[in-house]
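Below: one structure, written as structure tokens.
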Amino acid sequence: MKVCVIGTGYVGLVTGVCLGEIGHNVICVDNDEKKIKMLKNSIMPIYEPGLENLVKKNTQSGNLSFTTQIGNAILSQDIIFICVGTPPLPDGSADLRFVEEVAKEIGRNLNSYKIIINKSTVPIGSGDWVSMIINDSVATGNGIDNGANHSGNKNAAAIFDVVSNPEFLREGTAIYDTFFPDRIVLGSASQKAIDLMIKLYEKVINRRFEQIDSLPDSKGTKNIPLVKTDLVSAEMIKYAANSFLATKISYINEIANICEKAGADILKVAKGIGLDSRIGARFLNAGIGWGGSCFPKDVSALTKIAAEYGITTQLLNSAINVNNQQRLKMVQKAQETLKIIKGKTIGVLGISFKPNTDDTRDAPAITIMNNLANLGAKVKAYDPIVKESPESLNQKVILCFDTEEIFSGSDLIILATEWEEFIGLDYEKLGALMRDKNFIDGRNFLSKEKMQSLGFKYSGIGI
Ligand code: UGA
């Protein structure tokens, strides 16, 4: 099938390359010329395991191409994914400027029946809003001169359908999540559009794609469940899923804080409750809380959507508050450990909001480092992948390029991101470089017993 993916961020790029991999003809569009040039040369703008190989393979096979020419790409393809960013506005609601621009562009270039898919996380009701913008763009006839559409398509109003097809991929495991999703959600008023979307994903749904390097074999695994629904419910599923997971993490963090005071062990408690199949073990890792570009944005946006209906989201507000407090708790822990922060040297392991990504958006590590730097500490940071200081990071924070630098002369080490690399460090040797062997494990990632046996004054979250 002929697919156009507009926006080559995490979602767009991964969606595009994976659809190419299962045999579709995919054009990925972005207005960032530099990015498109990089992608044409198989240079990845983001760090995502497995992505580069798949892009190379599918570009070479001709299934995947990149362009900045949005009009031509829409004209030539039948299935158009909107995957542009919906960043948060200062009040927490989603900024839909980019979605609006793309919808207008689609209206200008609607030369045949097309399915328009909202893959970006958009507020409830955006599907109908996108339809309206496309229809308006078609009706005003402000089409570009593309040879097919000289005066806009006044008759084209009925020749598209909008589908909401939210994604559930996680950064760092995005390719796996695309080929092995727990479910596929398709929301639309049009049965024709839903049927075509099922055809598009047929190989994923029925586990009929070729084995991909580093991914498990899909043969013999169960078909992927489909959730067919109306537009609004599909949009809500995305917000409700992310908000639930964020709330689950805030919940376990709150329990961890009680465990810490009462002398219980959150690792055992999480195991004990997670084995209850009604609760489930995943997303019960206590730590410094959730960050990234999705949870913070989506939970806030859902509270804003609710407020439009006069609903106060007490539970979600609490989840946000617990999360904000959790980061600050690390600063308090540092104060309890060091007493005076001013003049102390603190090394931080991990900057990205979670492992296997270079994404530092709303990373808890950054809030913690900024607070410590503001309190007068000398803060040093190391991350296996993030090698440039993020804009949001206090510029006094020193970026280090090896872990020895982090431990050298430090009074305290904080582990902020659970990168696999940090498991295998030679803590005996590194500890000997410290001025004082204090260690706060913000992800409960290392063995308390092992660290203590090496002479570290080790503390975690709720253990
Ligand atoms: C999240 C969702 O998991 C995806 O399903 C969704 O598609 C995506 O948002 C999105 O909306 O695009 P992602 O932000 O990549 O994915 O990361 P997660 O793995 O969900 O982690 C989010 C945050 O929660 C991270 O900061 C992580 O460290 C934290 N976390 C996660 C915990 O603190 N404890 C846990 O047990 C799990």
Side-chain angles (χ1 to χ4, degrees), residues 7 9-15 46-49 83-88 94 118-122 165-178 180-185 234-235 237-257 266-267 269-271 273-274 279-302 319-320 322-327 329-330 350-368 415-419 441-445 460-462:
Y10 248 102
V11 175
L13 190 51
V14 172
T15 303
I46 49 168
Y47 173 80
E48 179 65 33
C83 296
V84 292
T86 52
N118 262 335
K119 196 99 180 149
S120 303
T121 305
V122 288
N165 170 217
E167 53 76 27
F168 303 101
L169 56 87
R170 292 160 299 167
E171 294 185 17
T173 51
I175 310 275
Y176 173 88
D177 290 343
T178 307
F180 291 84
D182 289 333
R183 75 303 206 184
I184 290 178
V185 176
E235 290 164 348
I237 287 169
K238 170 70 188 188
Y239 281 107
N242 272 0
S243 298
F244 182 84
L245 291 169
T247 305
K248 194 174 180 188
I249 301 167
S250 282
Y251 173 80
I252 201 67
N253 282 337
E254 188 152 284
I255 298 294
N257 296 338
I266 191 64
L267 299 176
V269 173
K271 188 170 181 196
I273 62 172
I279 296 174
R282 296 172 74 191
F283 279 68
L284 281 184
N285 298 327
I288 54 178
W290 36 274
S293 66
C294 304
F295 284 1
K297 170 172 79 80
D298 291 353
V299 183
S300 303
L302 188 52
I320 294 171
V322 168
N323 198 51
N324 291 338
Q325 285 306 313
Q326 205 63 15
R327 298 174 180 199
K329 258 189 192 319
M330 289 301 280
I351 304 174
S352 58
F353 82 98
K354 66 173 205 172
N356 295 321
T357 176
D358 58 356
D359 197 339
T360 57
R361 283 175 287 178
D362 211 344
I366 292 184
T367 313
I368 294 165
L415 189 151
T417 316
E418 67 277 34
W419 282 96
D441 186 347
R443 298 288 181 182
N444 292 340
F445 191 51
I461 309 285

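Each ligand, and each atom within it, is numbered from 1 in the order the structure gives.
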Write down, by chain and number, every protein residue that brings a non-hydrogen atom to less than 4.0 Å from an atom of ligand 1.
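Heavy-atom contacts below 4.0 Å: Glu167, Phe168, Leu169, Arg170, Glu171, Lys238, Asn242, Ile249, Phe283, Leu284, Asn285, Gly289, Trp290, Gly291, Cys294, Phe295, Asp298, Phe353, Lys354, Arg443.
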Thr367: which residues meet the side chain to side chain donor-acceptor pair (under 3.5 Å) condition with it, sequence neighbours left out?
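Expected list: Arg327.
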Tyr251 atom OH, neighbour heavy-atom count above 12 within 6.0 Å:
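No - once you tally the heavy atoms of other residues, nucleotides and ligands closer than 6.0 Å, there are 12 at most.
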Just by distance, no angles: are the side chains of Tyr10 and Ser293 close enough, under 3.5 Å, to form a donor-acceptor pair?
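Not at all, the side chains of Tyr10 and Ser293 share no donor-acceptor pair under 3.5 Å.
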Do Asn444 and Glu418 meet the criterion of a side-chain donor-acceptor pair at a distance under 3.5 Å?
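There is no such pair between these side chains.
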Got a second to check how far Ile237's CD1 is from Asn242's CG, nearest 0.5 Å?
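That separation rounds to 12.5 Å.
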What orientation do Phe295 and Trp290 show, parallel under 30°, tilted 30 to 60°, or perpendicular over 60°?
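Phe295 vs Trp290 ring planes: perpendicular.
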